[in-house]
Amino acid sequence: MAVQTNWQTTRSTVRERTKFMFNNEHLSDVKFSVRGSDSESETDRLITAHKFVLSIGSPVFEAMFYGELAETKDTIELPDCDYESLLGLFRYLYSDEVSLSGSNVMGVLYLAKKYMVPSLADKCRDYLQDKLDPSNVFLVLTTAQKYEEKSLIDRCWKVVDIETEASLKSDGFEIIEKSLLEEVVSRESMGIREVELFKACNRWAIEKCRKEGLVADGERKRRILGEQVIKAIRFPVMTQKEFADVVVDTKILTPDEIIIVFKAFSSDSPQSATGFLHTPRHACGVIQRCNRYISMNSCSWSYDGIKYWDEIEFRVDKDINFHGLCLFGSENNTYKIITLEIKDSSNNSTIKSVTGTYSSDLLKCEYYDYYGFEVWFNPPANLKKNCRYKIRLLMTGPNSGKGCNCFKSVKVSGVTFTFLRAVNQSDQLVAAGQFPEFLFSL
């Protein structure tokens with residue numbers, strides 16, 4: 001590649017001049033051969049570099065090029081990384097700039113650890129924390145545990161505890177190692193019904209059987225799951241219908257174990273199910289649901305996201321963690337939240353806000369089924385007892401369902417929600433509309 005004459009004179013700082021040399025053959029004295037970023041590609045790619053620049057950024061490169069056993073080859077093969085990730089590492093060493101994405105952040109973090117560049121590892125960790133959600137939490141957790149990133153590990157477990165069911169339905173859960181599965185089922189702090197936890201473990205076992213080319217019958221799934229996982233699932237705290245409809249047909253439990261659990265149901269004494277834990281998971285992170293409406297109407301609530309707000313004001317009589325809300329939608333439709341915010345009514349300050357696009361699914365509450373979606377605050381908002389709070393929604397999309405006959409107050413798990421006022425899309429006080437369920441924990 002041709003380099004302009006006197007290129008140094010047009011770059012006034014050392015950083016600008018060093019950045020100019022990034023992936024530039026000019027003055028380079030080493031090449032790295034790595035696989036293409038596409039895992040299906042068998043073609044290796046070359047990255048040119050400068051030993052001095054790499055060495056002042058990494059003690060590992062310094063030892064590689066200037067140590068007692070210095071590398072003398074012109075081209076160094078690195079089979080443990082891909083082109084995009086190594087380019088990300090070098091970009092940072094040459095310019096202090098980092099360009100992270102979902103496709104390269106794991107690889108860049110690996111290289112930052114391998115070549116002892118802690119400031120880059122910190123940036124990767126921050127990126128992963130910012131992007132963390134139930135869809136990727138187990139992929140991130142696996143990497144965080146591998147590299148002993150404690151703060152990232154803690155953040156991952158917090159997501160798992162708060163949004164357990166969504167996390168366990170992610171693709172990443174089905175490919176976790178057995179040791180991590182054992183950690184999951186042993187946690188006291190997950191907000192999930194026990195039958196849903198069992199379903200997730202069954203899916204995990206089916207996927208393992210598929211990868212090993214085995215028929216996923218009950219005996220093989222039992223062997224793959226292992227006794228530690230089976231004994232950590234609290235079958236006696238399921239309802240009898242959940243156990244009969246879901247667990248029995250998988251044939252993971254033995255006939256004797258099934259009889260033991262059914263006897264516990266018939267005796268109204270879960271303690272009689274010898275060999276299985278019989279107490280519910282006691283965790284402050286267990287999600288509770290406060291339902292505002294007695295009934296609902298389908299497709300009767302319209303939106304004009306440019307003009308109209310939906311608003312509700314309320315208070316609680318105990319301190320709670322407010323995790324989010326369910327919102328009405330309609331079948332097979334998506335909605336764009338321009339903003340959903342919770343405010344302190346005393347000073348109108350915003351505590352939490354969320355934006356995004358959401359797809360409706362069939363949800364179930366205490367009194368009816370409805371099409372809608374959950375919106376989560378991560379982390380949750382800490383609400384104080386007897387303070388007034390306001391929730392405001394600005395959303396666009398097709399007509400949605402609306403709740404009817406709003407309760408003035410609702411008591412859930414010892415917490416009383418009192419609804420003080422609601423405003424509809426034309427600033428009229430109403431007892432119908434959005435916000436069917438509040439999601440909270442003690």
Side-chain angles (χ1 to χ4, degrees), residues 126 128-138 140-141 144 151-170 184 187-193 196 280-292 310-327 337 339-356 358 363 365 372-395 410-419 434-442:
D126 293 343
L128 290 170
Q129 287 183 348
D130 290 342
K131 301 296 183 182
L132 193 61
D133 62 32
S135 70
N136 62 21
V137 65
F138 282 107
V140 176
L141 179 56
S151 64
L152 185 55
I153 292 171
D154 292 343
R155 185 71 66 87
C156 288
W157 282 123
K158 187 172 184 179
V159 172
V160 172
D161 287 343
I162 293 173
E163 301 184 64
T164 310
E165 190 168 340
S167 299
L168 268 58
K169 287 181 177 179
S170 67
V184 170
R187 286 185 73 79
E188 284 284 343
S189 48
M190 295 190 301
I192 190 171
R193 289 159 53 219
E196 296 300 330
R281 297 175 191 267
H282 297 291
C284 63
V286 174
I287 303 299
Q288 309 290 340
R289 293 173 177 264
C290 172
N291 176 36
R292 292 184 57 227
D310 287 310
E311 184 177 300
I312 180 73
E313 191 170 21
F314 69 100
R315 67 169 178 258
V316 290
D317 65 347
K318 291 184 180 179
D319 293 351
I320 64 169
N321 291 320
F322 190 73
H323 295 277
L325 305 110
C326 293
L327 297 179
I337 293 179
T339 184
L340 172 66
E341 55 190 9
I342 179 167
K343 290 175 168 286
D344 184 334
S345 294
S346 65
N347 55 20
N348 207 38
S349 62
T350 300
I351 300 172
K352 294 283 182 181
S353 64
V354 174
T355 62
Y358 296 81
L363 303 180
C365 73
F373 49 93
E374 297 174 346
V375 182
W376 297 84
F377 299 122
N378 188 18
N382 299 314
L383 304 189
K384 301 299 182 182
K385 65 179 182 180
N386 300 326
C387 295
R388 295 169 72 107
Y389 297 97
K390 182 191 304 179
I391 294 173
R392 305 185 77 213
L393 170 68
L394 190 62
M395 185 169 80
V410 179
K411 189 171 185 177
V412 182
S413 298
V415 179
T416 299
F417 286 75
T418 302
F419 302 106
Q434 265 291 1
F435 314 122
E437 296 182 87
F438 288 12
L439 309 175
F440 73 100
S441 66
L442 303 177

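If you read the sequence from its start, that first residue is 1, and numbering goes on from there.
A search for side-chain hydrogen bond (donor to acceptor under 3.5 Å, both in side chains) contacts involving Asp130 returns nothing, not counting sequence neighbours. Residues that satisfy the side-chain hydrogen bond (donor to acceptor under 3.5 Å, both in side chains) test with Lys131, not counting sequence neighbours, are absent from this structure.
Side-chain contact between Arg292 and Ile312 is present, with at least one heavy-atom pair separated by less than 4.5 Å. Phe440 is listed as a side-chain neighbour of Val412, based on a closest heavy-atom distance under 4.5 Å. Here the side chains of Trp376 and Val354 are not in contact, with every heavy-atom distance at 4.5 Å or above. Side-chain contact between Cys326 and Pro436 is present, with heavy atoms from C-beta onward closer than 4.5 Å. Within the 4.5 Å cutoff, the side chain of Met395 has heavy atoms near those of the Gln434 side chain. Residues Asp161 and Arg187 meet the side-chain proximity criterion, which asks for heavy atoms closer than 4.5 Å. Pro134 is not listed as a side-chain neighbour of Lys169, based on a closest heavy-atom distance of 4.5 Å or more.
Taking CG of Leu128 as the start and CG of Leu141 as the end, the distance is 11.5 Å to the nearest 0.5 Å. The CG atom of Leu383 sits 9.5 Å away from the CG atom of Asp344 when rounded to the nearest 0.5 Å. How far CZ of Phe373 is from CG of Leu363: 9.5 Å, rounded to the nearest 0.5 Å. Atoms OG and NE2, on Ser441 and His323 in that order, are 2.5 Å from each other to the nearest 0.5 Å. Of the inter-residue distances, the one linking Leu439 atom CG with Arg289 atom CZ reads 5.0 Å to the nearest 0.5 angstrom. A distance of 8.5 Å separates OG in Ser353 from CG in Leu340, rounded to the nearest 0.5 Å.
Heavy-atom neighbours of Arg315 CZ from other residues, nucleotides or ligands within 6.0 Å: at or below the threshold of 12.
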(message) I'd like to know whether Val184 forms a side chain to side chain contact (heavy atoms under 4.5 Å, CB included) with Met190, so could you lay out the CA-CA distance, the side-chain angles of the two residues, the decisive distance to 0.1 Å, and finally the verdict.
(response) CA-CA 9 Å; Val184 170; Met190 295 190 301; 3.8 Å; yes
(request) Please report the C-alpha distance between Val415 and Gln288 in whole Å, then the side-chain angles of each, then the deciding distance to 0.1 Å, and finally whether the side chain to side chain contact (heavy atoms under 4.5 Å, CB included) criterion is met. (result) CA-CA 10 Å; Val415 179; Gln288 309 290 340; over 6 Å; no
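Of all the heavy atoms in Ile162 and Pro380, the pair that sits closest is CD1-CD, 3.9 Å. Contact between Lys343 and Ile351 at its shortest, heavy atoms only, is C-CD1, 4.1 Å. Nearest heavy atoms, Ser135 versus Ser170: O-CB, 3.7 Å. Across all their heavy atoms, Ser349 and Asn347 have their closest contact at OG-OD1, 2.7 Å. Between Phe435 and Asp310, the shortest heavy-atom contact is CZ-O, 3.7 Å. For the residue pair Val159 and Ser167, the shortest heavy atom distance occurs at O-OG, 3.9 Å.
Relative orientation of the Phe322 and Phe438 rings is perpendicular, given thresholds of 30° and 60° on the angle between their planes.
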Less than 3.5 Å apart, which donor and acceptor atoms pair up between the side chains of residues 384-394 and the rest of the protein, not counting sequence neighbours?
from	atom 1	to	atom 2	distance (Å)
Arg388	NE	Glu313	OE2	3.4
Arg388	NH2	Glu313	OE1	3.4
Tyr389	OH	Lys384	N	2.9
Arg392	NE	Glu311	OE1	3.0

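A distance-only check finds no donor-acceptor pair linking the side chain of Arg193 to the backbone of Glu165 [under 3.5 Å]. Using modelled atom types, no side-chain atom of Lys352 and backbone atom of Ile342 make a donor-acceptor pair closer than 3.5 Å. Between the side chain of Asp133 and the backbone N or O of Asn136 there is at least one donor-acceptor pair closer than 3.5 Å.
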